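Counting starts at 1 for both ligands and their atoms, in listed order. Computed from a prediction, not measured in an experiment: that's the story for all the values here. Throughout, residue positions are numbered sequentially from 1 according to the sequence presented.
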Amino acid sequence: MKTATELARPNIAALKPYSSARDEYQGKDARVFLDANENPYNAPLNRYPDPLQRDVKAIVSEIKGVAASRIFLGNGSDEAIDLMFRIFCEPGRDNVVAMEPTYGMYRVCADINDVEYRAVNTDGSFQPDVDAMLGSADANTKLMFFCSPNNPSGNLVRRELIIKALDNFEGIVIIDEAYTDFAPGTSMAGLIDTYPNLVILQTFSKAWGLAGVRLGMAFAQEETIGLMNRVKYPYNVNHLTQQAALEQLESADKVSGWVSAIISERGRLENRLAGLGGMTVFPSDANFLLVRMENATRVYNYLVDNGIIVRNRSRITLCGDSLRITVGTPAEDDELLKCLTEYYNR
Ligand code: PMP
């Protein structure tokens with residue numbers, strides 16, 4: 001098995017990263033900062049933020065049980081996804097393999113970076129066909145993407161399937177766990193101790209209720225995190241975002257209350273949608289439901305006309321005639337259910 005540095009593009013492995021003022025002086029006891037060409041007025045926003053977000057990582061480390069040295073924080077998990085391509089994939093030569101259907105940004109990042117994207121269809125329960133994924137990999141396959149719980153299908157990927165990929169794939173395995181807090185059982189983050197080629201993605205955008213501040217996490221062994229830190233923008237997570245995350249991390253109880261409420265509302269919404277008749281609701285371990293029905297686009301348009309926006313996934317592979325519905329508050333979901341009842345009773 002190659003190390004992360006051996007898998008990286010040679011120019012990245014050899015990169016001498018930009019060294020910012022806040023990188024070079026890290027002591028806490030200085031009184032006068034004249035090193036970064038900042039404005040001396042307008043504290044605290046006049047100062048560049050901590051480039052390695054140490055205060056936030058210290059608390060994330062406690063909550064997630066992952067050493068701070070094994071945590072990367074970025075501008076949403078989308079930044080970490082893009083970094084994977086920029087670090088490991090040689091444009092015009094390398095390729096990646098992903099389960100299909102899944103989160104659309106993996107393909108977009110591949111396209112932006114001129115990297116071939118090999119999508120391998122899941123089975124009828126949206127479980128990845130790992131043998132086919134391994135079969136479609138070759139010497140130039142650098143990344144393999146799993147999303148668990150998967151967007152847009154909502155299901156957890158079976159653990160043993162991912163382990164099979166980890167044991168047999170020669171590149172980096174990425175497990176996107178954006179929705180893990182809504183799923184039963186534990187994250188697979190503990191496996192980073194065993195697998196140097198594993199990268200886990202999580203985010204503050206879902207359970208933590210902070211999509212607006214843009215903060216994503218990646219967990220991996222130090223060598224991979226080191227590569228990510230070299231390639232990222234020096235101050236990739238701004239001061240306001242770090243502050244908002246610190247405050248929310250202190251309110252972990254409030255957040256778990258939201259998660260419980262969303263999970264219980266998911267059950268209610270699932271039952272009510274199934275009760276409307278003519279709808280197949282796929283089992284979900286996330287904060288949304290994929291729902292198949294006749295004429296999904298017509299239903300979608302009817303909802304839009306009534307001011308209710310869901311996601312039409314009908315053009316996505318294996319998701320024909322399906323809408324993806326986020327679990328809202330009970331009042332919001334009641335509006336949706338009322339509107340769907342009207343649609344079917346017209
Ligand atoms: N991964 C998955 C599976 C997602 O569904 C999303 C957002 N829709 C993201 C990542 C992006 O998360 P972030 O807001 O942290 O960039």
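With a heavy-atom cut-off of 4.0 Å, M105 does not touch ligand 1 at all. Proximity of D176 to ligand 1, defined as any heavy-atom pair under 4.0 Å, is confined to the side chain (atoms from C-beta onward).
Figure legend: cation-pi geometry between R346 and Y343, with NZ or CZ positioned under 6.0 Å from the six-membered ring centre and within 45° of its axis. Relative to the ring axis of F288, R324 places its NZ or CZ within 45° and under 6.0 Å from the centre.
By the 3.5 Å distance cut-off applied to N or O atoms, Y106 is not counted among the residues near ligand 1. Considering backbone and side-chain atoms alike, N75 places every N or O at 3.5 Å or more from each N or O of ligand 1.
Classified by interplanar angle (parallel below 30°, tilted 30° to 60°, perpendicular above 60°), the ring pair Y106/Y103 is perpendicular. Ring-plane geometry between Y48 and Y235 is classed as parallel, the angle between the planes falling under 30 degrees on a 0 to 90 degree scale with a further cut at 60.
Atom numbering of ligand 1 starts at 1 in the shown order; those under 4.0 Å from a heavy atom of S205 are 13 (P), 14 (O), 15 (O). Each of the atoms 3 (C) of ligand 1 lies under 4.0 Å from some heavy atom of C147.
Between Y179 and ligand 1 there is a heavy-atom distance shorter than 4.0 Å. A heavy-atom separation below 4.0 Å is found between R214 and ligand 1.
With hydrogens and angles left out, the side-chain atoms of N95 and D138 include a donor and acceptor closer than 3.5 Å.
Here the protein heavy atom with the shortest distance to atom 7 (C) of ligand 1 is K206 NZ, 3.2 Å.
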